[in-house]
Amino acid sequence: DVFPMLETLKIQNCCKLNRAPNYFPCLRQLVIENYRDGLYYQLKTPNKSHALVLKDILSKATTLSTLSIGGQAGLTCVSDVLAVHNSQNLKYLSLESCPHLLHLGDLHKLLSLEHLSVVRCPNLNAIDLIAPNDQQHLTSLRSLTIGQCNGLRGLPSEMVELNTSLRELRLYECHNLVWFPVDLQQM
């Protein structure tokens, strides 16, 4: 073990990073961001090595409760880097300024997730919070924030399944958002 007692790891503005240790038995919080002067790095071609570093770190992160990902141009789907089966303790997930993020993937399997924030992901076109077979959904989700995601046209109708846990829903500057779930009025 390189850092057997490490609980917090923050990697910020290390744009050339292409390798990192992948075993942190006590890691609770991971922040990985690539920003310069408050803006995410504008990469003409997504840097897949950043997504691979993130995937390596997360592959064995079984104790992780907080994950913040920002400025990751190579990220297209969260479940491509997040080993959902290893992330059952994850309570807080923040995705910010991931310009090529299209969808969230298998987040519905994160049954402990309480807070989800997706901001400045302009190509995000789907928020899948419920499994296709309706067997699993985010039963602990209390707070959902979606902002500046102009690729998103609507919220999934399955959101009514979250009515027992969701306490805060925050939507802002999603200029192409045209529909809410019809049954959301019953929440």
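Values below: all heavy atoms of this structure, side chains included; hydrogens, waters and symmetry mates excluded.
- Between atom SG of residue C98 and atom CD of residue Q72 there is a gap of 6.0 Å, rounded to the nearest 0.5 Å.
- Residues L30 and Y92 do not share a hydrophobic cluster, clusters being chains of Ile/Leu/Val/Met/Phe/Trp/Tyr side chains in contact below 4.5 Å.
- Separation of atoms CG (N22) and CG (L27) is listed at 11.5 Å; rounding is to 0.5 Å.
- Across every non-hydrogen atom of P4 and C26, the tightest pair is O-SG, 3.3 Å.
- Side-chain atoms of L95 and L124, non-hydrogen and from C-beta on, never get closer than 4.5 Å to each other.
- Of all non-hydrogen atoms in N123 and P99, the two that sit nearest each other are ND2-O, 2.6 Å.
- Residues L104 and L101 approach most closely at CD2-CD2, 4.2 Å, considering heavy atoms.
- Here I11 pairs with L9, C14, L17, I32, I57 under the side chain to side chain contact (heavy atoms under 4.5 Å, CB included) rule; sequence neighbours left out.
- Clustering ILVMFWY residues whenever any of their side-chain heavy atoms sit less than 4.5 angstrom apart, transitively, puts L67 in the very cluster that holds L6.
- In this structure, the side chains of K10 and E33 stay at 4.5 Å or more apart for every pair of heavy atoms.
- Taking CG of N125 as the start and NE2 of H103 as the end, the distance is 7.5 Å to the nearest 0.5 Å.
- Residues I127 and Y172 fall into different hydrophobic clusters, defined by Ile, Leu, Val, Met, Phe, Trp and Tyr side chains chained together at heavy-atom separations under 4.5 Å.
- Contact record, L58 with L64: CD2-CD2, 3.5 Å, taken as the closest heavy-atom pair.
- Residues Q12 and V31 approach most closely at NE2-CG1, 4.4 Å, considering heavy atoms.
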Side-chain donor-acceptor pairs under 3.5 Å in residues 141-155, sequence neighbours left out?
{"unit_1": "R142", "atom_1": "NH2", "unit_2": "E114", "atom_2": "OE1", "d": "2.8"}
{"unit_1": "R142", "atom_1": "NH2", "unit_2": "H115", "atom_2": "NE2", "d": "3.4"}
{"unit_1": "Q148", "atom_1": "NE2", "unit_2": "E173", "atom_2": "OE1", "d": "3.0"}
{"unit_1": "N150", "atom_1": "OD1", "unit_2": "H175", "atom_2": "N", "d": "2.9"}

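- Of all heavy-atom pairs spanning S87 and L110, the tightest one is O-CD2, 3.4 Å.
- Within the 4.5 Å cutoff, the side chain of T66 has no heavy atoms near those of the T8 side chain.
- No side-chain heavy atom of F24 sits less than 4.5 Å from a side-chain heavy atom of T63.
- Here OG of S79 is found 7.0 Å from CG of L107. Values are rounded to the nearest 0.5 Å.
- Distance check: N89 CG to L113 CG gives 12.0 Å after rounding to the nearest 0.5 Å.
- From L82, atom CG reaches atom OG of S59 across 11.0 Å, with rounding to the nearest 0.5 Å.
- V118 and L169 fall within the same hydrophobic cluster, defined by Ile, Leu, Val, Met, Phe, Trp and Tyr side-chain heavy atoms under 4.5 Å apart, directly or through other members.
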